[in-house]
Amino acid sequence: MNIRQYLDSTYLKTPSQAGLDENENLQVVKNFIQEAIDEKFKLIMIRPDMVSVAKKMISDANSTVQIGTVIDFPEGNSNVEDKIKEAVQAIKDGADDLDFVCNYEAFKKGDVALVKDEILRCTQIGLDNNKVVKWIIEVAALNDKEITQLSALIKNIVISNFKEADYASVFVKSSTGFYKTANNLPNGATIPAIMMMLENASPLPVKAAGGVRTYEEAVEMIRLGVKRIGTSGAKAIANREDAKLGY
Ligand SMILES: O=C[C@H](O)COP(=O)(O)O
């Protein structure tokens, strides 16, 4: 298996989350982008304000690394107009993938109409611009029934409004990796949550993100059926595969 094809190598910390000043964090992001170029990763996931920096470095290096960014991250509770504005700017700056945080709190409160509207309109903008769209549902904030229902809702919106050829470009994604859970419970891609997503999102692909650290965990997710893995441990995971293959 070429595990690099599955990995969205991810760095999403703000300067304060990283405990750095702006310049120091910018240097961390630049090093992270250079690592992806050197490692020939498929895609990096970075904050929207870093997309143009990445675009320049990647094109100066004649690299094929793609750029993904997060929209309305990490809470997902902005209104749809703000989500669209942020997505349009990210597209202008050179993003290939748009990982939107779904307004999962509105969904939990029963405001399904709001969630349907943002999924429809934001997905439309992504697909009209030939981008890959991912919907982060934040599984750690949801119960099993909500994971099932929200995965199915995204699937049904896509099936009812877009052509079959587009289905592979709209993912349901598990987590931001930034959700604060009580008692340090896992805040990312657990196997039961991923299984529920796979069952209810199909034929849309699923991205597992949050807490995937080892090669073995990544392989397990791929065996379950996920098509992408978002991880801040991409280099260690890819290098473990290289070592197994004797590179
Ligand atoms: O989308 C990706 C997540 O932020 C990555 O989470 P992680 O740092 O737990 O690998």
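As the structure lists them, so they are numbered: ligands from 1, and atoms in each ligand from 1.
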J.: Between the candidates Thr176, Asn187, Thr231, Ile229, which shows the shortest non-hydrogen contact distance to atom 3 (C) of ligand 1?
T.: Thr176
J.: Answer whether the closest heavy-atom distance between the side chains of Ser151 and Leu204 falls below 4.5 Å.
T.: no
J.: Which protein non-hydrogen atom lies closest to atom 2 (C) of ligand 1, naming both residue and atom, and how far is it?
T.: Thr10 CG2, 3.6 Å
J.: Quick one: look up the protein heavy atom nearest atom 9 (O) of ligand 1 and list residue, atom name and how far away it is.
T.: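 Ranking protein heavy atoms by distance from atom 9 (O) of ligand 1, first comes Gly211 N, 2.7 Å.
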J.: Distance alone, cut at 3.5 Å: any donor-acceptor contact between the side chains of Asn31 and Tyr11?
T.: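 No, because no side-chain N or O of Asn31 sits under 3.5 Å from a partner of the opposite role on Tyr11.
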J.: Could you tell me whether Glu22 atom CD has more than 12 heavy atoms of other residues or ligands within 6.0 Å of it?
T.: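 Count not over threshold, so no.
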J.: Quick test: of every protein heavy atom, which one is nearest to atom 6 (O) of ligand 1, and how far off is it to 0.1 Å?
T.: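 Protein heavy atom at minimum distance: Gly210 CA, 3.5 Å.
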J.: So, for Leu142 and Ile147, which heavy atoms are closest and what is the spacing to 0.1 Å?
T.: CB-CG1, 3.7 Å
J.: Is Asp97 paired with Lys134 through a side-chain N to carboxylate O contact shorter than 4.0 Å?
T.: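 The answer is yes: the pair qualifies as a salt bridge.
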J.: Would you tell me whether Asn187 and Thr181 have side-chain atoms, one donor and one acceptor, within less than 3.5 Å of each other?
T.: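 Side-chain D/A pair, Asn187 to Thr181: absent.
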J.: Counting each atom of ligand 1 from 1 as listed, which ones have a heavy atom of Ala209 under 4.0 Å away?
T.: 1 (O), 2 (C)
J.: Nearest to atom 10 (O) of ligand 1 by heavy atom, Lys207, Lys13, Lys173, Arg213: which?
T.: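 That would be Arg213.
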J.: Check ligand 1 against Leu12 and write out every atom of the ligand that is under 4.0 Å from a heavy-atom position of the residue.
T.: 4 (O)
J.: Which option wins on minimum heavy-atom distance to atom 7 (P) of ligand 1: Ala234, Ser232, Ser175?
T.: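 Heavy atom nearest to atom 7 (P) of ligand 1 belongs to Ser232.
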